[in-house]
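All remarks here apply to the structure that follows.
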Amino acid sequence: MKLIHTSDWHLGKNLYEYSLLDDQAHFLDWLLELMEQEQVDALVIAGDVYHRPVPAADAVALFDRFLSRATLELGVPILAVAGNHDSGARLEFAGALLRSVGYHIAGKPRKEMLRVTLTDRHGPVVFWLLPYLFPADVRTLLPDSGARTFQAAYDALLEENLPHLDKSVRNVMIAHGFFAGLEPVILSESELSVGGMDAVGAAAFQAFDYAALGHLHAPQRVGEVARYSGSPLKYSLSEENQRKSVTLVELGAPGSTADIREIPVPALHDVRRIAGRFDDLMNPDHHENKCFEDYVFAEISDEGVLYAMEKLRTLFPRILGVSLPFREPDGEAIQIGAARQRLSMEQHFARFYRESTGEELPEEHEAVLEEIIQSLEEERREVTQS
Ligand SMILES: [Mn+2]
């Protein structure tokens, strides 16, 4: 049985101020082509279909179009679970109806996990659908478990369900969460927002032929049988060096090891860092790859550049941000983001004045400035109180 494992689509997500909907539509079109070319038997989506529990209408429309084409035109069954970004209850809408056209969705955790059986020439493959869950969900489903930690929650739920597992056939787990083997996992910024979730030992999935995981955005193996496909797109600057892919999994006869291949996803626009002197960065000939439509973050090496972001935007319409070297009075150069947090509004302005005019802010202006800032702060206090 040949299947594509993917996860963490985050449909509707913005990267800084930019909507990624076109990039996501581009990925989904490519995915449909791949499903057709590879003649896959199933598509597995291991959670975080959407970026928000209540996704924007255009994100829902995008997923809707994809589901229709995959199931009705290509006839490929889809097995999906909710991630922590999804609302499980909403994602499950019309789930029983949609099962009849081959779309199987598990949104909320159940005491008895949703199982779907597909068959090929080697016999049945049982898919186990385990959506994102909190320990409190498991305490509700299995009150005797008293599960307080993620580890205890997964242990209790698997203990309840594994007696149904038939080792003589192939079994595939689909789950969304933070699972770890013995080796350290690769994290990126996008995962830090999740917070509070302790890693669960991937040994829990040992009884399966393959565990299709979602949540971490870098593709990686976890333990013996489990694997994160990673997100199809770079969803933060910290993911700039990750090679985004979907995972093609081939399950042979029962007892054989799954064959795994990473298929790189061609991005509509890359996410990357550019670095150098401002004049060089502004010069189109300086950029070898000429990909001006990419999402770029510019690290400028020379001091004193004003309105760098606005100027670079004329060459890079999808510029994400800039950093500039910034000299402290003691001469230590630091990045502007860190410096900003350490300066008061008065200090910021004085510095801006100095950089713009080359002169120190006169004392009489300082007093006026202080007054203005005070009245602004009072206004803000009134607004927040009302
Ligand atoms: Mn997630």
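Not measured: the values here are computed from a predicted model. Atoms within each ligand, like the ligands themselves, are counted from 1 in listed order.
Applying salt bridge (Lys or Arg N to Asp or Glu O under 4.0 Å) to Glu262 and the options Lys244, Arg221, Arg227 leaves one that passes, Arg227. Of the candidates Phe63, Tyr235, Tyr50, Phe27, Tyr235 is the only one forming a ring-ring contact (aromatic ring centres under 6.0 Å, His included) with His10.
Between the side chains of Asp48 and His215, not a single donor N or O lies within less than 3.5 Å of an accepting N or O. Defined by atom type and a distance below 3.5 Å, a donor-acceptor pair is missing between the side-chain atoms of Trp128 and Asn161.
Between His365 and Phe349, the ring centre distance reaches or exceeds 6.0 Å.
Within the coordination shell of the Mn ion (ligand 1), defined by N, O or S atoms under 2.8 Å, Asn84 is present. Metal site remark for the Mn ion (ligand 1): Asp8 contributes no N, O or S atom at a distance under 2.8 Å. Because the distance cut-off is set at 2.8 Å, His215 qualifies as a neighbour of the Mn ion (ligand 1) through one of its N, O or S atoms.
With respect to the Mn ion (ligand 1), Asp48 has OD2 as its nearest N, O or S atom. Closest to the Mn ion (ligand 1) among the N, O or S atoms of His176 is NE2.
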